[in-house]
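Computed from a prediction, not measured in an experiment: that's the story for all the values here. The residues of the chain are indexed from 1 along the displayed sequence. Every number for a ligand or one of its atoms is a count from 1 in the order of the listing. We use all heavy atoms of the structure for the numbers below, so side chains are in, but hydrogens, waters and symmetry mates are not.
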Amino acid sequence: MAYIQFLGAAGTVTGSKHLINTTYDSGGKQGIQVLIDCGLFQGQKEWRERNWQDTPVPAREIDAVILTHAHLDHCGWIPRLVKEGFRGPIYATQATIDLCSVVLPDSGHLQEEDAAFHNTKGSSKHSPALPLYTLEEAQDCLQYFKPVVVEETTQLSPELSFRFVHAAHILGSCMAEVVLTTNGQSRRLLFTGDIGRVRDSQVAPGKVVHSGPQEGESADVLVMESTYGNRQHPDTDPRPELARLIRETVERGGSIVVPAFAVERTQKFIFIVKELMESGQIPRIPVYCDSPMAIKAVEIFLKHSEEYTVQAADLIKKYGSPIEWPGFTFAQTAEQSKKINDSQFPSIIISSSGMVTGGRILHHLAQRLPDPKNLVIFIGFQAPGTRGAIIKDRGPEVKIFGDFVPIRAQVAALEQFSDHADPPELLEWLRTFAGKPGVTYLVHGEPAASSQLRDLMKRELGWNVQVAEYKERVEVK
Ligand SMILES: [Zn+2]
């Protein structure tokens with residue numbers, strides 16, 4: 001009997017890893033073992049420490065990875081898996097591979113920086129502190145990626161095939177439909193990865209990717225994300241509010257700091273800023289996109305035009321490449337990044353990581369948070385325990401580079417920019433299913449979010465829904 005084991009994103013939103021084993025046998029490896037996603041745990045220490053634990057099955061015994069998208073909480077553990085001995089193919093869309101080729105080495109670089117920092121401060125219980133993986137190891141793992149065309153079936157073994165379908169979450173993102181055929185019986189497993197906004201561009205402005213989630217799905221086993229399981233996005237257009245927040249900050253001489261994922265989220269945001277400037281709703285102040293992958297990120301974004309919504313395509317046609325926009329600076333080197341700190345005039349600084357877990361955003365926040373003139377805007381989900389969540393919840397202070405930085409700047413969150421569907425949108429999509437799945441496991445949510453969504457789905461749809469637990473094994477019946 002085949003089983004699924006939840007090795008991450010169960011009880012939390014990070015560390016997505018779901019193992020499929022096609023032959024249930026506790027005595028050793030049989031059949032084929034495939035990992036759906038291989039993400040990094042982020043946030044609370046309790047979870048981050050799991051990045052250092054081996055997988056329950058040896059990495060070399062995993063035959064393949066199917067990767068839904070390029071967010072670190074879905075792909076960021078791949079270099080470690082390879083370091084532990086995995087040598088199989090990693091299947092992903094070309095856009096996801098392009099994103100991973102900048103995101104993973106950047107992650108390796110941050111791991112090295114972190115370890116070096118702990119060594120100089122002596123703040124790690126390990127001596128010397130080591131990186132989870134290095135930049136070089138991250139680059140090395142890219143050779144195992146294999147591009148897969150959306151909706152084309154790939155046969156991994158006689159008993160397992162899969163195909164990607166659009167998820168509308170970020171550039172390149174997909175759900176994985178897996179078909180298991182054992183003992184003459186076929187079962188469909190649908191792993192959603194992260195699910196994008198179902199609504200149109202009025203309610204979810206700046207939505208870049210056009211299609212998905214696909215209607216008319218069917219599954220015997222549905223493994224679904226539940227990040228926003230207990231919260232609804234506001235259904236107002238956030239642009240007037242964004243314009244007002246920026247204007248007020250500029251009037252009092254402050255700067256705007258925006259933590260954002262370097263690829264897509266940043267580009268989506270700067271297109272909105274550009275529009276607000278061109279229409280005179282905000283003043284023309286300098287905009288800095290600060291990331292070692294700043295230029296590459298724009299190039300990848302512009303390359304994958306096949307993914308755009310009509311609105312996104314129109315904006316790109318109208319304004320061209322952001323690299324050429326006057327007043328917009330793409331800081332790649334550390335020197336260019338430091339220069340932004342010298343700027344005393346109001347500006348907009350967009351930098352990663354989006355949840356303030358590392359990266360150059362740390363410098364900008366350490367410098368700008370103590371001053372009430374400034375504004376920090378969150379445009380993405382902040383996992384509990386991350387610095388992003390502490391700042392968003394307006395804690396009195398946040399620890400950055402070993403020091404406590406007071407949070408005196410104004411803090412705002414515009415949830416409409418989220419790339420995750422909320423409960424009404426999820427229901428809207430689930431109602432299009434051809435039939436009830438035999439069982440649904442909710443993953444990728446804080447416990448309160450997952451259990452509330454479970455109750456809602458039971459009540460509204462009458463489905464058999466369970467919240468997955470960390471390391472839990474479930475038989476595929
Ligand atoms: Zn994601």
### Task
Give me the ring orientation class for Phe162 and Tyr91: parallel if the planes are under 30° apart, tilted from 30 to 60°, perpendicular past 60°.
tilted
### 2.8 Å cut-off met by an N, O or S atom of His169 to the Zn ion (ligand 1)
yes
### Task
Tell me whether His74 has at least one N, O or S atom under 2.8 Å from the Zn ion (ligand 1).
no
### Query
the Zn ion (ligand 1) as vertex, arms to ND1 of His71 and NE2 of His69: angle to 10°?
100°
### Message
Is the ring pair His74/His69 parallel, tilted or perpendicular, if the boundaries are 30 and 60 degrees?
### Response
tilted
#### Entry: Aromatic ring proximity, centroids under 6.0 angstrom, Tyr288 and His364
no
### Message
Counting backbone and side-chain atoms alike, is an N, O or S atom of Asp194 positioned under 2.8 Å from the Zn ion (ligand 1)?
### Response
yes
### Task
Could you point out which residue of Thr93, Thr192, Val148 forms a side-chain contact (heavy atoms from CB on, under 4.5 Å) with Cys174?
Thr93
